[in-house]
2 protein chains.
Amino acid sequence: MGRTRIFDERDAARAALDVFWDRGFEATAVPDLEGATGLSRSSIYHSFGSKRGLFDAAVDTYLSEVVRPRLAPLQADTVASDALVEYMRGLRHVMADGTRHLATHGCLLLNTATSPVGIDDTLREIVRNYRRELTHAITRGVEAAHPEFRAERTARLGTTCSAHVIAAMTLARVDTEGAIALLDNAIQLIVDPNEISETGRTTA
Amino acid sequence: MGRTRIFDERDAARAALDVFWDRGFEATAVPDLEGATGLSRSSIYHSFGSKRGLFDAAVDTYLSEVVRPRLAPLQADTVASDALVEYMRGLRHVMADGTRHLATHGCLLLNTATSPVGIDDTLREIVRNYRRELTHAITRGVEAAHPEFRAERTARLGTTCSAHVIAAMTLARVDTEGAIALLDNAIQLIVDPNEISETGRTTA
DNA sequence: TATATATTGGAACGATCAGTCCACAAACCC
DNA sequence: GGGTTTGTGGACTGATCGTTCCAATATATA
């Protein structure tokens, strides 16, 4: 009894994500969102309530379509022993390729939450969890890649690796060269955690 | 022949720095700057030309009074062998203390340049140099702390360490706990780069 | 056709923004 | 005192912001 829905809110959120990712929350104006989603201002406010509501929807999209899939292999029940290296090499490839949003704009969550106007605490909380999950997932990857390591060393390498990822994501938008260097270094650290002994080459 | 200057532009820039550091460039309104500097709007525009002009002056203050002094010990002609550890421990202390701007707001340059509205390319360039200098200085510190390492390993540790610092600075404002964990990890990596062998304890 | 819902377009709101301008007060020199 | 420069206060501009509102239109069911 009434007109059926024409547009899909998920599509709208996806479109909005591009703009928010590009310009950030504050710098994105509602007219920008109208253009990107193809929706009228009225429809946006009807469906999402506010600019912030649409942003939240975009963040959900980002989490479920960008973050989770990439991290999934490290969170599987059984982690393949080279999953971590693949993950890091994947990131490095995306970064060096430079065509993807992740390379040109970094991580939406880090960008937004660490920007001086962090919007609010729920977003900060998301970033905290994000960091913990990232570190934990990577540590599991290290564990799979180096089962011979003691727990302590595994944990340390895991933290180190996640630090590199965070730093690389932070620098992506400003200093691509630096971001790639960081990822390279991280990969090296995983592949050969101690390939260089004090005296000379390799023990592996 | 005429009224002598009353206020010091450096003081004004210092006062403005606090506000910019706290709120970021975009979110800082000119009235905020009037209040912080104690100057009238007219004086601000007379002395600094624009909001951006005052921001640049604040960045200069930040570089010369916050960044350089802290990094100086690693850039001296002869680096003390434990200068790097002191530098990292200093950062960790500031972060854990939580009373300083650096702990509660992170790095002004990273915050600003990596925020979606990075203001402009000159600021991005500053961050790029910042990262290079940081990495280089830290690498020199590693060199002093571990003269027995081969150049390759020194370089790798240097990059690793600077990645931790960047990541910690990024997270400071959002995830202090995470930032401290990263710094701890970095310190550990420097103090005992291979204290844990695959089989058991220590070689040192 | 009648009715209900979806969607649009555009006008309008109050607020805030950076920046300009100018008359005026304050402090120095001669 | 007069002349000159430094600083202030406040009104103002033109633009943009997020948000609200409503009449009009489109598409479905009954």
Side-chain angles (χ1 to χ4, degrees), chain A residues 1-59 108 111-112 115-120 122-123, chain B residues 1-59 108 111-112 115-120 122-123:
Chain A
M1 50 184 81
R3 184 173 172 177
T4 48
R5 260 200 133 60
I6 287 184
F7 67 85
D8 181 14
E9 296 197 358
R10 292 175 48 87
D11 290 341
R14 244 184 294 262
L17 170 58
D18 284 338
V19 191
F20 281 126
W21 203 348
D22 187 33
R23 310 218 232 295
F25 179 77
E26 303 287 342
T28 299
V30 179
D32 298 333
L33 297 168
E34 298 183 45
T37 60
L39 266 50
S40 72
R41 180 172 297 221
S42 316
S43 297
I44 290 177
Y45 277 88
H46 176 71
S47 290
F48 300 98
S50 68
K51 177 188 173 186
R52 176 64 200 274
L54 179 49
F55 178 77
D56 289 340
V59 168
L108 171 70
N111 289 348
T112 313
S115 94
V117 192
I119 301 193
D120 69 11
T122 70
L123 190 65
Chain B
M1 48 186 81
R3 185 173 171 178
T4 49
R5 263 201 131 62
I6 286 184
F7 66 86
D8 181 14
E9 296 197 357
R10 291 176 50 87
D11 290 339
R14 244 184 296 262
L17 170 58
D18 284 338
V19 192
F20 281 127
W21 203 347
D22 186 34
R23 308 219 233 292
F25 179 78
E26 302 288 341
T28 298
V30 178
D32 298 333
L33 297 168
E34 298 183 45
T37 59
L39 267 51
S40 71
R41 179 174 295 224
S42 316
S43 297
I44 291 178
Y45 277 89
H46 175 71
S47 291
F48 300 99
S50 68
K51 177 186 172 187
R52 177 62 201 274
L54 180 48
F55 178 77
D56 289 340
V59 168
L108 171 70
N111 289 348
T112 312
S115 94
V117 192
I119 302 191
D120 70 9
T122 69
L123 191 65

Under 3.5 Å, which donor-acceptor pairs do the side chains of residues 17-24 of chain B form with other protein atoms, sequence neighbours left out?
residue: B:W21; atom: NE1; partner: B:G106; partner atom: O; Å: 2.9
residue: B:D22; atom: OD1; partner: B:H105; partner atom: NE2; Å: 3.3
residue: B:R23; atom: NE; partner: B:D32; partner atom: OD2; Å: 3.4

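Between the side chain of A:K51 and the backbone N or O of A:T28 there is at least one donor-acceptor pair closer than 3.5 Å.
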Protein-nucleotides 24-27 of chain D N/O pairs closer than 3.5 Å?
residue: D:dA26; atom: N3; partner: A:R3; partner atom: NH1; Å: 3.3
residue: D:dT27; atom: O2; partner: A:R3; partner atom: N; Å: 3.4

Nucleotide N/O to protein N/O under 3.5 Å, stretch nucleotides 17-20 of chain D:
residue: D:dG18; atom: OP1; partner: A:T28; partner atom: O; Å: 3.0
residue: D:dG18; atom: OP1; partner: A:K51; partner atom: NZ; Å: 2.6
residue: D:dG18; atom: OP2; partner: A:V30; partner atom: N; Å: 3.1
residue: D:dT19; atom: OP2; partner: A:Y45; partner atom: OH; Å: 2.7
residue: D:dT19; atom: OP2; partner: A:K51; partner atom: N; Å: 3.0
residue: D:dT19; atom: O4; partner: A:R41; partner atom: NH1; Å: 2.4

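Contact record, A:F7 with A:S43: CE2-CB, 4.3 Å, taken as the closest heavy-atom pair. Closest heavy-atom contact between B:A16 and B:A58: C-CB, 4.4 Å. Here the closest non-hydrogen pair linking B:L123 and B:F55 is CD2-CE2, 4.4 Å. The shortest heavy-atom contact between A:L54 and A:A12 is CD1-O, 4.5 Å.
To the nearest 0.5 Å, atom OG1 of residue B:T37 and atom CZ of residue B:F48 are 8.0 Å apart. Between the CZ atom of A:F25 and the OG atom of A:S115 there is a distance of 10.5 Å, given to the nearest 0.5 Å.
A close approach under 4.0 Å does not occur between any side-chain nitrogen or oxygen of B:S43 and OP1 or OP2 of D:dG7.
Rounded to whole angstrom, the span from the CD1 atom of B:I44 across to the C1' atom of D:dT6 amounts to 15 Å. Atom NE2 of B:H46 is separated from atom C1' of C:dC21 by 14 Å (rounded to the nearest Å). Between the CD atom of B:E34 and the P atom of D:dT8 there is a distance of 10 Å, given to the nearest Å. Taking atom CZ of B:F7 as the reference point, atom C1' of C:dA26 lies 14 Å away to the nearest angstrom. Following rounding to the nearest Å, B:L54 (CG) and C:dG19 (C1') show an atom-to-atom distance of 14 Å.
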